[in-house]
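The structure under discussion appears below in the form of structure tokens.
Every chain is numbered from 1 and lettered A, B, ... according to where its sequence line falls, protein lines coming before strand lines. The basis for the numbers below is simple: all heavy atoms, side chains too, and nothing from hydrogens, waters or symmetry mates.
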2 protein chains.
Amino acid sequence: MRPTVHDIAAEAGVSLATVDRVLNRRPGVKDATRLRVEAAIAAIGFVRDMAAANLAKSRVYPFTFILPAGDNSFMRGLERHVREAMARPAADRVAISLVIVPPFDGAAVARALDAAKVQDPAGIAVVAVDAPEVMDAALRVQASGIPLVTLVSDLGASCRDHFAGIDNHAAGRTAGSLMRRFVGRVPSATETIAVLAGSMLVRDHRDRLEGFRSALSETCTLLPVLEGQDDPAATERLIADLLARHPDVAGIYSLGAGNRGLIAALQRHSGPRPRAVIAHELTPHTRAALEADLIDAVLNQDAGHEVRSAIRVLKAKADGIPAVEAQERIRIDIFLKDNLPFPDEADGKVLRPSGSGSGEN
Amino acid sequence: MRPTVHDIAAEAGVSLATVDRVLNRRPGVKDATRLRVEAAIAAIGFVRDMAAANLAKSRVYPFTFILPAGDNSFMRGLERHVREAMARPAADRVAISLVIVPPFDGAAVARALDAAKVQDPAGIAVVAVDAPEVMDAALRVQASGIPLVTLVSDLGASCRDHFAGIDNHAAGRTAGSLMRRFVGRVPSATETIAVLAGSMLVRDHRDRLEGFRSALSETCTLLPVLEGQDDPAATERLIADLLARHPDVAGIYSLGAGNRGLIAALQRHSGPRPRAVIAHELTPHTRAALEADLIDAVLNQDAGHEVRSAIRVLKAKADGIPAVEAQERIRIDIFLKDNLPFPDEADGKVLRPSGSGSGEN
DNA sequence: CTGTTAGCGCATTCAC
DNA sequence: GTGAATGCGCTAACAG
């Protein structure tokens, strides 16, 4: 049997209450006593049973998550993962309120932040829009002492406590590397590459573009960036036009959403498709396109990981624990047709089992 | 407040004990009563607090892990993750005994299995060697009612309850796809590709080779498979010889271990290196090689995920819960220089935070 | 400053 | 078949 608080108490010759005070760094213990208890803890190698502690505390962490509306598959997947976390409050003693705001609407996000603030939750997670009014609202949240985490899309580092998302510059570089390799090297000829973004107004898209450019450097010729506003219809028109105008385009990098439009355009296109098509986020659409050989690679951020990480960080911040940033880094997954995970996993509909997580998986 | 067993008891007009019997599907309850309790559970939407349940049970799961010795970096990483799990028994009420056996030694694995069996643990996890005596021992373990999980390298499906590892055929296909793309398409010319394996006697290597072949089909010419026995020195000789003999080799796929030898040979080689080099498992060596542009891509299986998954499955089996196979699938990670995770993560030395795991992750 | 006591939500003896 | 009582390891009122 592992040592318990009783064992510490016995070893140190004090009562449970004192042990608890020392354990939780609470005041009201003479230094000498504290030292004795700490010695006892070290001596018998005590490790606190967090499950029991949480049970006794019966503390709940009220968190607010703010997500954009719209039919963006990735965002809806994100929402599903949040709802999943809401559905098992048992596991982590978390009570999440979910707020959906209009997409790409800084004012709406700012209002939602202010509204959340007055509820005084133990923490807020928000898919940020890179606008001044959002930053102001974020600063107000922070000023009121509520931990704030940005999700997927970041704000300035000074306006939030943590960012739960991928390194978008690295993602862009990764896409660039793959593009270079996939397009192939035709000696002494630079290839033409097209980039499709949602909007250069959001930070993650800008970062990806920059990374992509830096990886391709002078290897290829980049056409002017197309902006589809993450809208499938607009995107389809842009891509159809591109394919018509540049039959020789060797690769397309879609760094935003609206991939349904891209896929539709590729499908409708009669000529040979570009040698390399790379997109972001594994959704039912991009998955199908991978399987149908319309897309060659998909870079993905695991929405489930991001949500769970955000929750862990918010809890840590709420408890005043510094939360090891390095451990909460979100990976950039690369998926080809051949290493697609099962639909349930990345894409998924299913809850995790009783155990822990992986992390984690 | 979430409903508790007391609420059920009140709602159904029975005692806690009866509620508990129904909850845990134990006999000794009249059908009519059982129905009433179940109705109450459904009515108030009760969900059992597993943390509290485990606390009350104070059950511990004694598990035995059997791993190969040797200086294989991947295996040592695996061992580190097992030790990590041993170090925090608090989290999952697991008590792991770790047994290290000589590598590639079927007889030793079989002996270790038999030795573990007599301890009567709640489950056994083993990095299998594909040999008849191991299968026999596995069957003996299963016959004695102890759940058995193979880790990383599988045995016949009939000899174990679960396999915690990647789909190696898919991994081979993935490598093949990447190889095809990385080598580039030189119209009307097939390229020469070399495959380096550890040994065709282990199942995962065979599976990878098969997948690789199927993905490349007639696109490339595969040289006869080199077998380095996962030994760096032998591997280095093989590769040096290969590079000398086939200066035109376009790609190398290293599907086993011993990558230090491969890397050393590439480093020493004076001429241009093959256009594409793909290896398995992210270790300090392959990571450094990726960063130094000696290797182009690394396929990886997350050892930490595998260990945690094995534990989850063993616990589920021990409790008689069927364990959702689909949720325990291990992903095939693709790493390029550009999307390398931080050292601590895949490669890592650090423990996870207090929270759950992402996934896991 | 320190100790006593009563739970947190659930499982498990034992009586009835 | 069913119920009352006790405890898992820890925290949080209260007393002292």
Checklist line | Residue B/K30, side-chain atoms from C-beta onward, closest of D/dT11, D/dG1, C/dG9 | finding: D/dG1
Notebook entry, point to check: When all nucleic acid strands are considered with a 4.0 Å heavy-atom cut-off, which category describes B/V19: base, sugar-phosphate, or nothing?
Noted result: nothing
Notebook entry, point to check: If you check the A/L16 side chain, which of C/dA11, D/dT11, C/dC10 turns out closest?
Noted result: D/dT11
Checklist line | Whole-Å gap separating P (C/dC1) and CG (A/D20) | finding: 18 Å
Note to self: Taking the cut-offs as 6.0 angstrom to the six-membered ring centre and 45 degrees off its axis, would you call B/R48 and B/F46 a cation-pi pair?
What the structure shows: no
Check: Just how far, in rounded Å, is C1' of D/dG1 from CG of B/L35?
Finding: 16 Å
Checklist line | Presence of salt bridge, B/R26 and B/D20, under 4.0 angstrom | finding: yes
Margin query: Starting the side chain at C-beta, find the nucleotide from C/dA11, C/dT2, D/dT11 nearest to A/R48.
Written below: D/dT11
Item checked: Interatomic distance where CZ belongs to B/R93 and C1' belongs to D/dC8 [whole Å] -> 8 Å
Item checked: Separation of C/dG7 P from B/D49 CG (nearest whole Å) -> 19 Å
Margin query: Students often get this wrong, so: under 4.0 angstrom with heavy atoms, is A/A17 touching a base, only sugar-phosphate, or nothing?
Written below: base
Check: A/R36 or B/V5: which one's nearest nucleotide on DNA chain C is closer to the 5' end?
Finding: A/R36
Notebook entry, point to check: Between atom CG in A/L55 and atom P in C/dA11, what is the gap in whole Å?
Noted result: 12 Å
Margin query: For A/D319, is there an ion pair with A/K57 - N to carboxylate O distance below 4.0 angstrom?
Written below: no
Check: At under 4.0 Å between heavy atoms, what does A/R26 touch on the DNA or RNA strands: base, sugar-phosphate, or nothing?
Finding: sugar-phosphate
Check: To the nearest angstrom, how far is B/K57 atom NZ from C/dT13 atom P?
Finding: 13 Å
Notebook entry, point to check: Do side-chain atoms of B/Q142 reach the backbone of B/C159 as a donor and acceptor pair under 3.5 angstrom?
Noted result: yes
Next item on the list: Answer yes or no: is there a side-chain heavy-atom contact under 4.5 Å between A/I311 and A/R308?
Entry: no
Check: Across the strands shown, which category fits A/N54 at heavy-atom distances under 4.0 angstrom: base, sugar-phosphate, nothing?
Finding: nothing
Margin query: If you compare every side-chain N and O of B/S15 against the phosphate oxygens of D/dG3 (OP1, OP2), does one of them come in below 4.0 Å?
Written below: yes
Margin query: Expressed as a whole number of angstroms, how long is the span from A/M50:CE to D/dG9:C1'?
Written below: 12 Å
Check: Taking for each residue the nucleotide of DNA chain C bearing the nearest heavy atom, is the 5' side occupied by A/T18 or by A/S58?
Finding: A/T18
Notebook entry, point to check: Taking atom C1' of D/dT11 as reference, at what distance in whole Å does atom CZ of A/F46 sit?
Noted result: 12 Å
Item checked: 5'-most by nearest nucleotide on DNA chain D - B/A56 or B/G13 -> B/G13
Next item on the list: Please confirm whether any donor atom in the side chain of B/R21 sits under 3.5 Å from an acceptor in the base of D/dG3, or the reverse.
Entry: yes
